[in-house]
Protein chains: 2
Amino acid sequence: MDLPAARSAKQGIRAVAARAGVSTASVSRALNNPDAVSPSLRARIAQAIEAVGYIPHAPARILSSRRSRTLGAIVPTIDNTMFARGIASLQKYLSSVGYMLFLTTSGYDLDVELQQARNLIGRGVDGLVLRGDCHHDGLRKLLADNAVPFINVGIYQPDRPYPCVGTNNEAAAHRAAMHVIELGHRRIGIVSALQRNNDRASARVAGFRRALTETGLTLPSQWHVEVPYTLDDAREAARYLLSLEDRPTAVVCGNDVIAYGVLLEAERSGFSVPRDLSVVGFDDLDWSRHLRPSLTTIHVPTGETWQRAGEYLVRSLAGEQTIMHHEVDYSLVVRESTAPPSGT
Amino acid sequence: MDLPAARSAKQGIRAVAARAGVSTASVSRALNNPDAVSPSLRARIAQAIEAVGYIPHAPARILSSRRSRTLGAIVPTIDNTMFARGIASLQKYLSSVGYMLFLTTSGYDLDVELQQARNLIGRGVDGLVLRGDCHHDGLRKLLADNAVPFINVGIYQPDRPYPCVGTNNEAAAHRAAMHVIELGHRRIGIVSALQRNNDRASARVAGFRRALTETGLTLPSQWHVEVPYTLDDAREAARYLLSLEDRPTAVVCGNDVIAYGVLLEAERSGFSVPRDLSVVGFDDLDWSRHLRPSLTTIHVPTGETWQRAGEYLVRSLAGEQTIMHHEVDYSLVVRESTAPPSGT
DNA sequence: GTTTAGGATGTAACCGTTTTCAGAAGGGTG
DNA sequence: CACCCTTCTGAAAACGGTTACATCCTAAAC
């Protein structure tokens with residue numbers, strides 16, 4: 001006849017407990033709070049775990065403890081060096097403090113982002129890392145209703161009542177534009193990234209424009225082109241700008257990929273950079289300094305930014321008081337792609 | 001006096017059930033198998049879900065159903081265009097079939113990879129996507145012990161008893177080398193990626209070498225350099241090769257980043273490509289066709305490869321019979337960076 | 001010697017689902 | 001009208017952990 005043996009012990013923590021001759025509570029403690037169990041027991045349990053090949057079942061743990069030691073992140077796309085970098089840093093940091101990262105992508109679609117957030121919250125993440133502050137209203141409500149800690153990364157908005165970490169894109173873009181203005185340029189074009197659902201892109205455009213306005217320069221509408229994040233589109237934009245009767249002598253770009261496209265097309269069209277055209281990028285990707293001419297650009301410490309986002313959440317979850325708005329420094333890196341306009 | 005109300009209903013599926021005046025079983029069914037519940041009930045439940053703002057709790061669901069509709073993936077690094085591309089495709093496909101992806105990175109460390117696998121299995125993933133077939137022995141055992149379906153992606157090994165999907169890197173590399181040989185080159189150098197723990201890199205080297213051997217060419221040891229995945233290192237390697245008294249007239253590279261580095265350095269050192277030096281890349285990154293000279297390289301459909309890996313696992317999990325070894329085509333893309341050796 | 005404090009361990013309820021099983025309701029047949 | 005199928009629904013037992021609480025034990029304090 002069978003013993004009743006309510007929950008037998010063919011697997012899981014109960015199997016370990018049985019083998020070590022202890023209760024499941026002790027096994028759990030040995031795992032989560034080793035100091036709470038005597039060294040001898042701890043050793044016996046460790047051995048049992050090894051023998052059984054026990055792998056803790058995270059879902060059960062999450063269900064029971066209501067904490068997952070997992071953060072969620074939603075980025076527009078992973079197929080963009082800047083985001084890949086950031087995610088890599090974040091992930092590295094998180095794993096160093098025993099956290100995991102659940103990554104999803106939204107494709108710059110606010111509805112998808114909301115859906116992904118729902119997904120991640122349902123998954124039991126302890127906090128959420130979001131790109132920028134351009135979100136669906138439902139997302140804000142969702143976060144509030146479920147009391148999910150989160151942080152906006154890649155932007156700096158000290159006036160908002162929720163946390164963020166990033167560079168001040170507007171100011172950085174302003175700096176970039178001022179650079180060419182200071183060099184003597186008066187005819188300045190803009191090739192920006194798509195601004196729709198992308199506050200980083202629009203902040204940069206805003207910064208560019210402010211620099212122009214402040215210095216009394218005008219921006220004919222045909223001198224501002226918006227393009228997707230590809231070399232082909234950037235080249236097409238450059239071809240267009242350079243074909244204008246009345247063309248700019250300098251172009252400030254929304255990112256380095258665009259700037260590279262402009263560089264390529266300028267050369268292709270017989271313009272010499274920086275002699276006939278100055279070009280400024282934004283992001284300082286790895287290869288930007290290798291280009292010929294090497295690219296003048298804004299350096300943004302992406303890895304640091306994302307890591308800090310992780311730090312903020314982890315600290316908050318640990319109950320520590322943390323600064324809510326963290327500004328990450330940018331810097332203008334002047335290289336060969338900018339010079340005073342010829343004829344000056 | 002309080003009602004006993006065993007498990008009250010302040011949240012979760014019970015709250016929904018209470019509000020709709022049905023049992024939790026019905027709510028669960030309405031969610032997972034809508035056809036099993038009458039339309040009227042379904043509507044009532046849907047409304048209750050909406051009203052309560054119910055988000056299903058995935059961990060509980062996984063715990064109970066023993067399936068997570070989640071796949072795990074372990075890549076060496078996310079900070080490499082090829083992997084980012086692949087992961088993006090995989091993720092896109094998976095989300096289109098209602099699966100999620102849990103992504104982790106190993107940093108080319110087999111121990112870390114094993115640990116991550118343990119992590120993911122503990123997380124309850126239904127299957128695992130692994131890069132290549134270079135794994136820790138413990139990992140194979142782990143997969144077998146826990147009966148976790150998996151697939152090796154990015155390589156093609158039809159002789160192995162477990163699934164894989166990818167291009168035949170050895171053959172592709174052979175093709176690349178044959179290209180310059182057919183152009184008339186006899187002095188061919190190799191700048192490969194680091195081969196340690198990277199079977200893709202070593203397969204490519206093997207292919208290069210086989211082409212040389214088969215055509216009776218020799219490879220002086222100083223003509224083969226291994227470098228990390230950075231432009232700086234590639235340039236340094238190129239500088240070295242080009243400084244040799246007895247230097248090669250063509251260089252086949254382990255990937256496009258390396259090839260780009262070689263291109264840059266050749267130009268810097270006053271060599272003209274392809275006149276003085278032919279360069280072949282591998283991967284066909286986005287910008288490779290934009291370079292000047294544009295890069296002759298091997299095109300690898302990364303997105304397709306990773307998507308197929310997902311398809312394989314999803315189909316297997318659905319009980320469908322699927323082909324175990326899937327070869328993904330590569331193609332040689334001849335551009336401007338290769339030409340017959342000068343003086344021929 | 002008795003009391004007490006405190007640490008180590010065990011017991012068992014509970015976390016939020018799914019799912020088996022059984023019961024109820026409804027609709028054809030003979 | 002009794003019977004048997006279907007189809008729909010509900011009750012309750014898992015799933016594999018954590019943790020509040022109870023218990024036991026030892027050592028220090030009186």
Side-chain angles (χ1 to χ4, degrees), chain A residues 4-45 48-49 52-70 119 121-126 146, chain B residues 4-45 48-49 52-70 121-124 126 146:
Chain A
R7 285 142 169 274
S8 65
K10 256 320 153 205
Q11 52 177 318
I13 204 175
R14 289 185 169 82
V16 177
R19 193 169 223 281
V22 300
S23 73
T24 62
S26 294
V27 177
S28 177
R29 276 189 285 258
L31 247 30
N32 302 309
N33 187 11
D35 296 334
V37 358
S38 68
S40 68
L41 241 203
R42 206 185 309 159
R44 223 160 79 228
I45 291 175
I49 287 178
V52 179
Y54 171 64
I55 300 179
H57 192 266
R61 197 206 290 254
I62 296 170
L63 177 59
S64 173
S65 70
R66 256 166 301 268
R67 285 181 325 138
S68 63
R69 290 189 75 81
T70 299
N119 244 326
I121 292 175
R123 225 77 196 187
V125 298
D126 294 337
N146 296 74
Chain B
R7 285 138 168 276
S8 66
K10 258 318 153 207
Q11 51 177 321
I13 205 175
R14 288 188 168 81
V16 177
R19 195 168 220 281
V22 300
S23 73
T24 62
S26 293
V27 177
S28 177
R29 274 190 286 260
L31 248 30
N32 302 309
N33 187 12
D35 296 334
V37 4
S38 68
S40 69
L41 240 203
R42 206 185 308 159
R44 227 165 72 231
I45 291 175
I49 287 179
V52 179
Y54 171 63
I55 300 178
H57 193 267
R61 199 206 286 255
I62 296 169
L63 177 60
S64 177
S65 70
R66 256 167 303 267
R67 284 183 326 136
S68 63
R69 290 189 75 82
T70 298
I121 293 175
R123 227 74 198 190
D126 294 337
N146 296 75

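Just the heavy atoms: all of them, side chains too, but no hydrogens, waters or symmetry mates, feed the values below.
Rounded to an integer number of Å, the gap from CG of B/Asn32 to P of C/dG16 is 17 Å. Rounded to an integer number of Å, the gap from CD1 of A/Ile49 to P of D/dG16 is 16 Å. Straight-line distance from the NE2 atom of A/His57 to the P atom of D/dT18: 12 Å, rounded to whole Å. Straight-line distance from the CD1 atom of A/Ile62 to the C1' atom of C/dC14: 17 Å, rounded to whole Å. Atom CG of A/Leu63 is separated from atom C1' of D/dC15 by 9 Å (rounded to the nearest Å). With rounding to whole Å, B/Ile13 atom CD1 is found 8 Å from C/dT18 atom C1'. Rounding to whole angstrom units, CZ of residue A/Arg67 and P of D/dT19 are separated by 7 Å. For the pair B/Arg61 CZ and C/dT19 P, the interatomic distance rounds to 10 Å; values are reported in whole Å.
With hydrogens and angles left out, the side chain of A/Arg14 and the base of D/dG17 share a donor-acceptor pair within 3.5 Å.
Nearest heavy-atom pair, A/Val125 versus A/Ser68, reported as atom, atom and distance to 0.1 Å: CA-OG, 3.6 Å. Contact between B/Gly122 and A/Pro59 at its shortest, heavy atoms only, is O-CD, 3.4 Å. Residues B/Ser26 and B/Ile45 come closest through the heavy atom pair O-CD1, 3.7 Å. In plain terms, the two heavy atoms of B/Leu63 and A/Ala60 that are nearest each other are CD1-CB, 3.8 Å. The shortest non-hydrogen separation linking B/Arg69 to B/Asp126 is N-OD2, 2.7 Å. When all heavy atoms are compared, the tightest approach of A/Ala17 to A/Thr24 is CB-N, 3.8 Å.
B/Ile49 CD1 to B/Leu31 CG: the interatomic distance, rounded to the nearest 0.5 Å, is 4.5 Å.
Here B/Leu41 lies in heavy-atom contact (under 4.0 Å) with sugar-phosphate atoms only. Contact annotation for B/Ile45: no contact, since no heavy-atom pair falls under 4.0 Å across all strands.
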Sort me out a list of protein N/O and nucleotides 22-27 of chain D N/O pairs below 3.5 Å, or just none if empty.
none

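The nearest heavy atom of DNA chain C to B/Ser64 and to A/Arg44 marks one nucleotide each, and the one closer to the 5' end goes with A/Arg44. Take the nearest nucleotide of DNA chain D for B/Ser38 and for B/Arg66: the residue whose nucleotide is more 5' is B/Ser38.
Looking at residues two or more places apart in sequence or on another chain, you find a side-chain contact (heavy atoms from CB on, under 4.5 Å) between B/Asn146 and A/Ile55, B/Ile121, B/Leu142, B/Val148. Remark: B/Arg44 engages B/Val22, B/Leu41 in a side-chain contact (heavy atoms from CB on, under 4.5 Å) (not counting sequence neighbours).
One axis for each end of the helix from C/dG1-D/dC30 to C/dG30-D/dC1, each built from five base pairs, and the angle between them comes to 50° at 10° resolution.
Without hydrogens or angle criteria, A/Arg123 side chain to B/Ala58 main chain gives no donor-acceptor distance under 3.5 Å.
For the contact set between residues 23-31 of chain B and DNA chain D, defined by any heavy atom under 4.0 Å, the members are B/Ser23, B/Thr24, B/Ala25, B/Ser26, B/Arg29.
For residues 53-67 of chain B, every residue pair satisfying the side chain to side chain donor-acceptor pair (under 3.5 Å) rule, not counting sequence neighbours, is listed here: B/Asn32-B/Arg61.
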